[in-house]
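Below is one structure, written out as structure tokens; the observations come after it.
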Amino acid sequence: MRTLQKEYPIHWLEEIINKILDKNLSEITLATGKTPSGHIHMGILRELIICDSIRRKLEENRKKINFFLFIDSLDAAKRFPEYIDKTFTKKYLGKPFSKIPCPVDETGYNSYADYFGTELISTFKQFGIKADVIWTHELYQDIIMKDKIRISLNNTDKIKEIFRKNILPTLDEKNRKLFIDTQKNWFPAMVICEKCGKMQKIDENGSIKPNRVLSYDKNKDTVSFSCTSCGNSGEITINKGELKLNWRVDWPAKWAIFKTTCEPAGKDHSVKGGSYDTGLEICKIIFNYDGPIKLSYEWLRLGDQDMKTSKGIIFTPKKYLKIADPEILRMLFLRTPPNKHISFRLEELYQLYDYYEKMENVYYDIEHANSETEEKFLKYIYPLCQTSRISTKKPLRLPFKYLTTIVQLKTILKIEGIYEKAKKILRYKGFDENLPFNDFETQLNRAQKWINEIKDILKNEKNESIKRKILNKVTIFEVPDNVSENIKNNLSLTQKLGIKLLKMFLISNKDLSDEVIQNKIFDIAKNELKIKPQKLFKTIYLIIIGKEFGPRLGPFLLMLDKDWLINRLSIE
RNA sequence: GGGCUUGUGGCGCAGUCAGGUAGCGCAACGGGCUUUUAACCCGCAGGUCGGGGGUUCAACUCCCCUCAAGCCCGCCA
């Protein structure tokens with residue numbers, strides 16, 4: 001019996017929001033973080049968009065919200081992506097990203113971290129994300145962080161114990177010994193060498209030797225260290241700001257400083273024995289703060305591959321924006337439960353736009369969802385997908401399919417013609433507003449970029465069956481510059497006559513409507529040529545786009561440049 | 001060696017937390033719209049819910065085992 005049904009939240013976000021509200025805080029802090037080790041791929045947007053949505057929801061509840069993005073600019077470079085000049089590797093490996101120069105010849109960037117961090121941040125406005133950025137290298141100059149370093153050093157033994165408790169059970173025999181061994185002389189902080197600027201040494205085999213703190217003198221407020229890279233050794237005061245906490249301690253220190261209420265974490269962090277768990281315990285025991293609510297999420301994959309900054313499998317938010325609307329990505333992240341991985345496939349953009357259209361229609365009560373649950377769900381996420389103010393009426397939007405079709409015909413169409421057609425489509429769909437030409441052009445350009453991208457993918461894909469799969473999902477074609485000889489030679493006299501009659505009709509009549517042209521073609525075929533209309537349609541398609549079928553001819557011919565069309569129809 | 005997550009028609013997903021023998025959208029197919037649409041409308045088909053076992057009157061749903069994919073588990077992030 002279902003009489004005593006429990007109320008289940010309409011959306012998974014509500015679960016996390018309820019947990020936050022249960023804490024009854026006057027001020028709520030959301031946090032996300034990313035190391036700027038190269039182009040930051042769009043996977044990071046999953047946590048940013050989730051947090052941003054939580055932010056919006058809580059603001060509806062009139063809560064005071066902070067939302068931070070930590071750019072971990074003080075992290076040391078463990079390796080560089082392929083696209084970074086090889087000379088960088090020798091020179092800067094082991095240095096913090098904030099102390100490595102901008103890798104490209106562009107002015108206005110202070111560092112490697114600045115360059116890649118800014119690339120990400122600059123897309124926030126378009127994605128509708130409102131987050132404050134905190135650069136870790138700056139944070140480490142702050143007295144409050146230095147204090148956390150002191151606390152950590154003072155509690156080294158307790159920290160070690162927490163690690164032992166959490167990590168040891170997950171290790172096998174061999175690693176267990178290794179772990180116990182490294183713990184013997186271990187402090188939870190590293191030093192940036194004043195001489196060579198490095199914080200760690202990375203061996204050929206990838207293993208890392210950090211400039212670990214060797215001893216801590218509480219009274220003098222100094223630590224001693226020995227640089228694994230240049231051999232320099234000595235003492236340094238904590239006040240100098242050249243120390244960095246170990247990741248597993250650094251994270252909870254930030255939580256404690258900013259009183260983080262909730263922070264999402266990629267699945268790599270949120271596994272048992274991982275840094276989130278040990279972080280929570282350190283946060284509580286060492287820093288005396290309860291720590292954030294954990295929200296783990298799966299990764300965004302590019303096709304069937306994980307996006308790896310280091311392997312060059314990247315798709316940046318910036319690149320995404322050139323191809324598709326930001327609302328679509330927000331939707332993708334918001335509709336998918338966080339524990340499911342998402343395979344982002346460009347060739348499936350049609351489907352995403354379809355879903356969006358449906359969601360939008362449901363939101364504006366133009367159509368209904370299949371169930372009440374779905375209706376509520378869609379109405380819940382729609383506002384969260386928006387990147388600017390939500391309009392009271394359904395916004396102007398050209399069908400994605402129309403855009404991608406028309407853009408492939410752009411070479412033979414007059415832009416004004418397409419524009420008029422676009423406006424007509426919008427009127428037909430019930431909009432009475434005007435479509436600004438600039439908006440139209442932007443959308444057209446996006447579609448063009450998408451087509452180019454798909455073509456690139458097809459070009460690089462060797463596997464025929466995968467190729468076919470992609471082609472199954474998209475409609476890619478090309479308009480030939482000229483009518484091929486093959487097509488010309490195969491035209492019968494009747495077909496040629498039909499073309500000629502159409503041409504004459506177009507020349508001698510002005511201001512034709514699509515309806516009239518459509519009917520005229522039919523008329524020519526049926527009454528003048530005495531052939532099946534299909535045959536004439538086929539002929540016209542062949543001549544214009546080199547294929548046997550195409551868009552409804554009346555409106556299509558109207559969109560073409562008239563002189564071009566008449567010239568094209570001049571088949572001898 | 002240990003652990004976590006995911007696996008539902010060709011594709012993308014819902015349904016799993018409250019057990020009652022599967023839904024949706026694309027694609028495909030057929031038809032209509034005096035074309036054969038990359039507009040639209042109507043219709044049809046397609047799944048032993050990764051596999052095996054158990055609990056139950058009843059399992060996609062709970063339990064156990066197993067396979068596949070991905071991730072984490074010294075340092076580092």
Side-chain angles (χ1 to χ4, degrees), chain A residues 1-2 4-6 8 33-35 37 72 75-79 94 163 166-183 186 190 199-200 202 206-210 212 246-248 250-251 266-277 296-299 301 304 306 335-343 345 347-348 350-352 354-355 357-358 369-371 373-374 377 399 401-402 404-406 408-409 425 428 469 472-477 518-519 521-523 525-526 532-538 540-541 545 547-556:
Chain A
M1 284 288 116
R2 297 186 166 201
L4 287 171
Q5 279 189 10
K6 191 184 159 199
Y8 279 91
K34 184 69 191 156
T35 305
S37 52
D72 288 322
D75 288 359
K78 290 186 288 181
R79 66 182 88 86
F163 284 171
N166 284 282
I167 296 169
L168 269 183
T170 69
L171 298 176
D172 55 17
E173 200 62 23
K174 200 180 109 202
N175 283 318
R176 203 171 290 186
K177 275 193 183 123
L178 250 165
F179 178 74
I180 291 168
D181 235 37
T182 42
Q183 267 218 344
W186 186 91
M190 302 167 265
M199 191 154 66
Q200 49 189 229
I202 288 90
S207 76
I208 296 158
K209 291 191 179 112
R212 186 151 322 283
N246 263 67
W247 163 245
R248 285 178 111 109
D250 164 286
W251 208 9
K267 62 168 168 181
D268 46 342
H269 292 312
S270 44
V271 181
K272 207 171 185 176
S275 46
Y276 214 113
D277 284 353
S296 48
Y297 68 94
E298 258 281 354
W299 290 350
R301 315 185 76 204
D304 294 314
D306 282 338
R335 79 170 193 190
T336 316
N339 61 343
K340 294 231 184 191
H341 84 246
I342 298 173
S343 289
R345 293 191 175 85
E347 67 271 21
E348 282 165 9
Y350 281 136
Q351 297 197 26
L352 294 177
D354 278 347
Y355 189 94
E357 169 90 18
K358 186 180 173 184
N370 296 309
S371 68
T373 323
E374 195 189 359
F377 183 87
K401 245 181 186 166
Y402 162 76
T404 54
T405 302
I406 222 67
Q408 293 182 80
L409 295 167
I425 283 182
Y428 176 75
K469 253 182 162 177
N472 228 343
K473 292 177 182 172
V474 297
T475 312
I476 298 272
F477 58 91
Q518 184 80 15
N519 288 336
I521 297 168
F522 193 83
D523 182 54
K526 225 176 171 182
K532 274 189 151 188
Q534 291 102 300
K535 215 165 179 192
L536 183 56
F537 276 104
K538 211 183 250 183
I540 299 168
Y541 284 124
I545 56 176
K547 296 179 96 174
E548 292 191 345
F549 53 89
R552 196 178 173 84
L553 268 183
F556 179 49

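Naming convention: chains lettered A, B, ... in sequence-line order (proteins, then strands); numbering from 1 in each chain. All values derive from a computational prediction rather than experimental measurement.
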What's the [atom1]-[atom2] distance between [X] and [N], to the nearest Å?
X: A/Ile342; N: B/C71; atom1: CD1; atom2: C1'; answer: 16 Å
X: A/Arg176; N: B/G3; atom1: CZ; atom2: P; answer: 12 Å
X: A/Gln183; N: B/C75; atom1: CD; atom2: C1'; answer: 12 Å
X: A/Asn339; N: B/G7; atom1: CG; atom2: P; answer: 8 Å
X: A/Leu171; N: B/C72; atom1: CG; atom2: P; answer: 15 Å
X: A/Glu173; N: B/C73; atom1: CD; atom2: C1'; answer: 15 Å
X: A/Glu298; N: B/G7; atom1: CD; atom2: P; answer: 11 Å
X: A/His269; N: B/C76; atom1: NE2; atom2: C1'; answer: 12 Å

Please verify the inter-ring angle class for A/Trp186 with A/Phe163; under 30° counts as parallel, over 60° as perpendicular, anything in between as tilted. perpendicular
Quote, to the nearest angstrom, the [atom1] distance that separates [N] from [M].
N: B/G23; M: B/G70; atom1: C1'; answer: 28 Å
N: B/U5; M: B/U16; atom1: C1'; answer: 15 Å
N: B/C65; M: B/C73; atom1: P; answer: 25 Å
N: B/G9; M: B/C29; atom1: C1'; answer: 15 Å
N: B/U21; M: B/C60; atom1: C1'; answer: 10 Å
N: B/C17; M: B/G32; atom1: C1'; answer: 46 Å
N: B/C49; M: B/G19; atom1: C1'; answer: 15 Å
N: B/A38; M: B/C24; atom1: C1'; answer: 24 Å

Selected nucleotide, minimal atom distance to [X] side chain, candidates [options]:
X: A/Val271; options: B/A14, B/G3, B/C76; result: B/G3
X: A/Asn519; options: B/U34, B/G70, B/U35; result: B/U34
X: A/Asn246; options: B/U35, B/C76, B/C72; result: B/C76
X: A/Lys401; options: B/C11, B/G74, B/A39; result: B/A39
X: A/Arg345; options: B/U35, B/C75, B/G12; result: B/G12
X: A/Lys267; options: B/C24, B/C71, B/A69; result: B/C71
X: A/Lys340; options: B/C11, B/C26, B/U6; result: B/U6
X: A/Asp354; options: B/C26, B/A14, B/C71; result: B/C26

Quick one: label [X] by what it contacts on the DNA or RNA (base, sugar-phosphate, nothing), any heavy atom closer than 4.0 Å.
X: A/Pro337; answer: sugar-phosphate
X: A/Lys78; answer: base
X: A/Thr182; answer: sugar-phosphate
X: A/Phe522; answer: base

Distance check, rounded to the nearest 0.5 Å: A/Lys209 atom NZ versus A/Arg212 atom CZ?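 So the gap between those two atoms works out to 13.0 Å.
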Scanning both residues in full, the closest heavy-atom pair of A/Ile521 with A/Leu536 reads O-CD2, 3.4 Å
What pair of heavy atoms forms the shortest contact from A/Gln200 to A/Ala77, and how long is it? OE1-O, 4.4 Å
Does the Lys NZ or Arg CZ of A/Lys267 fall within the cation-pi geometry relative to A/Tyr297 - under 6.0 Å from the ring centre and within 45° of the axis? no
Under the criterion side chain to side chain donor-acceptor pair (under 3.5 Å), I'd like the reasoning laid out for A/Trp251 against A/Ser275: C-alpha separation, chi angles, the key distance, then a yes or no. CA-CA 8 Å; A/Trp251 208 9; A/Ser275 46; over 6 Å; no
Is any side-chain N or O of A/Gln351 under 3.5 Å from a base N or O of B/G25, one able to act as donor and the other as acceptor?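 Answer yes: a donor N or O sits under 3.5 Å from an acceptor.
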Any N or O donor-acceptor pair linking the side chain of A/Gln518 to the base of B/U35 at under 3.5 Å?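 Between B/U35 and A/Gln518, which were checked side chain against base, a qualifying N/O pair under 3.5 Å is present.
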First of A/Ser343 and A/Lys209 reached from the 5' end of RNA chain B, by closest nucleotide: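 This one resolves to A/Ser343.
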Taking for A/Ser275 and for A/Asp172 the nucleotide of RNA chain B with the nearest heavy atom, the one nearer the 5' end belongs to A/Asp172
Would you call A/Arg248 and A/Ile167 a side-chain contact if the rule is heavy atoms closer than 4.5 Å?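 A side-chain contact exists here, since the closest heavy-atom pair is under 4.5 Å.
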Are A/Glu374 and A/Lys358 close enough that some pair of their side-chain heavy atoms sits under 4.5 Å apart?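 In short, these two side chains touch, coming nearer than 4.5 Å.
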Strictly below 4.0 Å: does A/Arg212 bring a side-chain N or O up to OP1 or OP2 of B/C75?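 The answer is no; no side-chain N or O of A/Arg212 sits under 4.0 Å from OP1 or OP2.
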In the structure shown, which nucleotide is the Watson-Crick or G-U wobble counterpart of B/G23, with both distances under 3.5 Å? B/C13
